[in-house]
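Structure record follows, encoded as structure tokens.
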Amino acid sequence: MNFGPYAAFILAAYSLTTAVVVALILWVLLDYRVQRKLLADLEARGVTRRSEPPR
Amino acid sequence: MTALAALLLRDMRLAVRVGGGALMGVLFFLLVVTMVPFGVGPDLKLLARIGPAILWIGALLATLLGLDRLLAADHDDGSLDLILMGHAPLELAVAAKALAHWLTTGLPLVIAAPLFGIFLNIDGSAIGIVALTLLVGTPALTFIGLIGAALAVALERGGLLLPVLVLPLTVPVLIFGIAAGDAAILNAAPFGAPFLILIALTLTSVVIGPVAAAAVLRHGLD
Amino acid sequence: MEWIALANPSRFLALAERLLPWLAAATALAFAAGLYAAFFVAPEDYQQGATVRIIFIHVPGAWLGMLGWAIMSVAALGTLVWRHPLADVALKTAAPIGAAFTFVCLVTGALWGRPMWGTYWVWDARLTSVLVLFLMYLGLIALWRAIEDPARAARAAAVLTLVGAVNLPIIKFSVDWWSTLHQPASVFRVGGSTIHPAILAPLLVMALAFTLLFATLYVSAMRNEILRRRVRTLRLLQVHAAQGA
């Protein structure tokens, strides 16, 4: 596969896009873990929501 | 109707009194026009070429910077709550406030523009045309900015947030205002079409601005 | 009835848990097919050469940037008319994802323009309107970050989103008009409407892949936002309980 004289531009475009997509995926995954952990901590301390049965 | 007229007169009186910001906009406008030659050099030909653009951008910035006082002062002293509870439709009340704001800050810019045009080496008839485009276009800036002013009050955030939100929305007004103004200095450029579109943009924003601002205030201040 | 059930955040969470693995798998498959087609099947353009391969990510970026704002407009109606918390969540989470895809579109456009047009940035009508769209995304994100109470921020953002939705076609039209007035002489234009099927097919597969990626990220981000709001509610309850005791 030959990209011709503009290989650097094609490579840069694809790697930048990959970087953005990876950043989005990491943001989503890490955020999920953080929120899950915070929620678990709060529930472990006995803080519950109204819709759940009271202690 | 009398309530709206009273609101209009009150706002105009407040703007020209001590502590009002009526002439500050013109002063800022003059400063922008003065600063540009320091940036691009004192070449009179170049200044004449970009003159309408400088006047328009100066007017845009001067209008935007005055906007955070449009609703914030009334919010601080509680009179905005009275307007919200009043019988007059909120859309018309904020429209009256925006009109008062334009008459005290936008109109002085339009009147000052011919004088500042001389600094920029724009010739006589062209100055008139640029001032005409400003007269027709600046209300659009105020009424679009009204949305930003309402957001600033509802979010209790002033400063740079307002121009950041409002500036992209003013792109069409700037494009057609400067295009019509350019027609005055470049013989090839058309005048009628951009000028009519500028009028259309102003009329559209006079409708959309108050409706959106009223929606922001109703939803944001409860 | 299906849709009403979906509007319950807990139901949405349950559905998201079941849906996400499938969405992610479909995204990976579509990308494998799309990238293979883009690099090994698609021929080089007789004018653009190999740089045509940038188009396969540039165009989907533009399309999803615009789709993001369309989704936000629908969510904004949900926020203002029904005051539904899930609509707030949908409104908020679409902004950063839409902005990211718009950014991809801008950067790849610049990298395509440098070999093709001889410059990274051209004040071309399409590029300029996408830039304005990107700036509006950034303004909206700034608005979300300016205020802590999510319900109040949602209503302000909803109005701004709808004003933006009304304005975007006007901005597009004005920028097109402005661009034809100031058309630079040296820009050589690429025929937009006549795309050869050999290029179009990989482009469509890549567009599908990016759309699936958008959906996966969007559902995950909405799930995270719902959890974040639960954490916030629980913390507020905790404070109230402490004060009451």
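Here the structure is a predicted model, which means the values were calculated and not measured.
- Within the 4.5 angstrom heavy-atom criterion, atoms from both the backbone and the side chain of Leu24(A) approach chain C.
- Inspection of non-hydrogen atoms places Ile57(C) of residues 57-65 of chain C under 4.5 Å from chain A.
- With a threshold of 4.5 angstrom between heavy atoms, Val21(A) approaches chain C through side-chain atoms but not through N, CA, C or O.
- The environment of CZ in Arg232(C) is crowded: more than 12 heavy-atom neighbours from other residues, nucleotides or ligands sit within 6.0 Å.
- The distance from atom CH2 of Trp27(A) to atom CG of Asn224(C), rounded to the nearest 0.5 Å, is 7.0 Å.
- Heavy atoms of Val231(C) lying under 4.5 Å from chain A belong to its backbone as well as its side chain.
- Rounding to the nearest 0.5 Å places CE of Met72(C) at 11.0 Å from CD1 of Ile97(C).
- Residues from residues 208-216 of chain C that place a non-hydrogen atom less than 4.5 Å from a non-hydrogen atom of chain A comprise Phe210(C), Leu213(C), given in numerical order.
- By the 4.0 Å N-to-carboxylate-O rule, Asp41(A) lies close enough to Lys37(A) to be salt-bridged with it.
- Taking a 6.0 Å sphere around CH2 of Trp121(C), one finds it holds more than 12 heavy atoms contributed by other residues, nucleotides or ligands.
- Side-chain contact between Thr108(C) and Leu16(A) is absent, with no heavy atoms from C-beta onward closer than 4.5 Å.
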Show me the side-chain donor-acceptor pairs of residues 14-24 of chain C shorter than 3.5 Å, one per line, residues at least two apart or across chains.
{"residue": "Glu17(C)", "atom": "OE2", "partner": "Tyr32(A)", "partner atom": "OH", "Å": "3.3"}

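- Only the side chain of Val20(A) comes within less than 4.5 Å of a heavy atom of chain C; its backbone N, CA, C and O stay farther away.
- Listed by chain and number, the residues in a side-chain hydrogen bond (donor to acceptor under 3.5 Å, both in side chains) with Gln238(C) amount to none (sequence neighbours excluded).
- In this structure, the side chains of Asp88(C) and Lys92(C) stay at 4.5 Å or more apart for every pair of heavy atoms.
- Counting only heavy atoms from C-beta outward, the side chains of Arg228(C) and Asp31(A) approach each other to under 4.5 Å.
- The shortest side-chain heavy-atom distance between Met66(C) and Cys105(C) does not fall under the 4.5 Å cut-off.
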